[in-house]
Amino acid sequence: MKLWATLAVLGLLVMGTWAQGLMPTIGLPPCDSPEAEAAALVAEKFLNAQHTHGYKYALNQIDKIKIISRPDQPDTYLLELDFLETTCHVLDPTPVSQCPVRQKRQTAVEAECDFALQNTTQGLSVVSFKCKTELESFEDICLGCPQLIALNDTDGVQLIEASLDDFNKNHTFNTKFALFEIGRIASQVVSGGNRYFAEYAIIDTNCTSHDDDNCIPQNHATAIHGFCQAEGSANLNQVTCKIFDTTQAANATVPVQPPLHAHTSGPHYDPAVHSSKHHKVTRLHDPAATGLLSAESAESAELVVPKAAPVVKREVASEPANAPAADAPAADAPAADAPAPDAPAPDAPAPDVPHIQPEPLLIVLVCPGKKKHF
Ligand SMILES: *[C@@H]1O[C@H](CO)[C@@H](O)[C@H](O)[C@H]1NC(C)=O
Ligand SMILES: *[C@@H]1O[C@H](CO)[C@@H](O)[C@H](O)[C@H]1NC(C)=O
Ligand SMILES: *[C@@H]1O[C@H](CO)[C@@H](O)[C@H](O)[C@H]1NC(C)=O
Ligand SMILES: *[C@@H]1O[C@H](CO)[C@@H](O)[C@H](O)[C@H]1NC(C)=O
Ligand SMILES: *[C@@H]1O[C@H](CO)[C@@H](O)[C@H](O)[C@H]1NC(C)=O
């Protein structure tokens, strides 16, 4: 079997190159090991700190981890991680660990990311990452449920403007809030027409509650922000807004990025940060142009030393250059790993493997790790 062949060759490599001590070694800790979790949490924190619009993202699953060690260099961690959008806006100071993830029937948004981290004397830090963000397809789950509609939908925007007016008439902060960013809009067909659901972030302006014209939003870095949820229509709606505690926000330990205003329309409209219906995480972050995330193909020359679990690792098999684009709903039952010939796991060896009935191998699925949400 191919896997065995790979291991055998590696065995030879070990013998041949050990003496030189120059080859990088690769550690493959289990995806649910404390080591992997710690690295993934550093990645999660960094991702959210980079992310200046839309919602915070929570780690859902560690797909892969690989630790590359070279003599006299900090270890490099390469991780493949899945994140889910939470219901906390990025400006919400609530720690992401306390933010509920959005459920499938609310049209979940997920991000698949590759991260490169380094363990320097200062600890683990992110060097680069790349992500792609997708809506979970859920059409079949709920026919009568609210469906996401475009962030610039006319009726949705009217609900937002009307409900923000209502809120401004009725709160006790002595300022007028302006729309900062639209998070999502959904609509549902009900008897008598459409019902709209909107989520949006607000920012205080230089107007008091009574001023009416030319209200200019305060400086984003010091302004008071809040987040509103409204439903109904422009004429009849309910709105609740939560104003964020600025003292808590100011305490954020994350490096604050220069504000990137993610306007959903208008002069600063940036299609890179959101699609028509949902926000996306940063697609690529590689300030030092390390190229670490595209160096996957160089690994065949590296020495693999499984850490902790002396078992066959799926990672050892040659990896497809690109993750599968269409998400075949990943194996829901990772425990049963009896290699069913007709349904190869997404990154299993190519299906041209001859049908030799393998000896009862001890294949322990150490990766991917457990799904934390769904
Ligand atoms: C990072 O490296 C230091 C030694 O330089 C080690 O003590 C520490 O455990 C490493 N951290 C991780 C998360 O591997
Ligand atoms: C919404 O945005 C899309 C593209 O960004 C544009 O084609 C469309 O005309 C806009 N719709 C409205 C109602 O502004
Ligand atoms: C303002 O608040 C009062 C009492 O909380 C409520 O009865 C009223 O409907 C609110 N008005 C608006 C426009 O939201
Ligand atoms: C807010 O600032 C704008 C621009 O500086 C100014 O024109 C406007 O009068 C100010 N509004 C109030 C209520 O001070
Ligand atoms: C803010 O940071 C200080 C220490 O820097 C800490 O004592 C305090 O609890 C923090 N406040 C909040 C709300 O997190």
Side-chain angles (χ1 to χ4, degrees), residues 48-56 87-94 149-185 196-280 282:
N48 283 319
Q50 294 301 306
H51 187 49
T52 51
H53 62 97
Y55 299 88
K56 294 185 185 188
T87 58
C88 292
H89 191 265
V90 284
L91 297 171
D92 189 334
T94 308
I149 57 175
L151 294 171
N152 65 355
D153 178 86
T154 310
D155 291 312
V157 171
Q158 278 174 5
L159 163 65
I160 289 169
E161 285 167 354
S163 63
L164 181 53
D165 268 355
D166 291 347
F167 175 68
N168 272 327
K169 285 186 193 122
N170 230 16
H171 64 66
T172 55
F173 301 86
N174 192 24
T175 183
K176 237 193 179 73
F177 288 95
L179 177 62
F180 181 67
E181 173 185 281
I182 298 175
R184 47 165 58 200
I185 310 179
Y196 293 90
F197 301 82
E199 298 183 2
Y200 55 96
I202 54 178
I203 184 168
D204 68 328
T205 63
N206 67 344
C207 290
T208 66
S209 311
H210 304 294
D211 300 326
D212 249 344
D213 35 70
N214 208 4
C215 302
I216 304 296
Q218 304 283 19
N219 182 334
H220 171 55
T222 51
I224 301 170
H225 294 88
F227 187 70
C228 302
Q229 292 176 287
E231 64 179 89
S233 66
N235 299 327
L236 181 63
N237 61 70
Q238 291 172 311
V239 60
T240 53
C241 297
K242 175 177 166 191
I243 303 302
F244 299 139
D245 180 350
T246 45
T247 56
Q248 215 184 340
N251 233 6
T253 55
V254 296
V256 175
Q257 291 284 302
L260 161 73
H261 284 246
H263 293 280
T264 34
S265 61
H268 296 98
Y269 171 75
D270 179 359
V273 300
H274 56 76
S275 75
S276 68
K277 295 179 184 174
H278 67 281
H279 290 264
K280 300 179 186 171
T282 307

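When a ligand or atom number is given, it counts from 1 through the structure's own listing order.
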How far is [atom] from its nearest protein heavy atom, and which residue and atom is that?
atom                    : answer
atom 4 (C) of ligand 4  : Ile216 CG1, 3.6 Å
atom 6 (C) of ligand 4  : Asn214 ND2, 3.9 Å
atom 11 (N) of ligand 4 : Asn206 ND2, 3.1 Å

[X] side chain to [Y] main-chain N or O, any donor-acceptor pair under 3.5 Å?
X      : Y      : answer
Lys56  : Val90  : no
Asn206 : Ile216 : yes
Thr282 : His51  : no
Ser209 : Lys176 : no

Legend entry - ring pair (Phe, Tyr, Trp, His ring centres under 6.0 Å) partner of His225, chosen from Phe180, Phe244, Phe177: Phe180

Inset, instruction - Might you check, step by step, whether the distance between atom 14 (O) of ligand 4 and some protein heavy atom is under 4.0 Å? - result: yes

Legend entry - Per-atom contact, atom 9 (O) of ligand 4, protein heavy atoms, under 4.0 angstrom: no

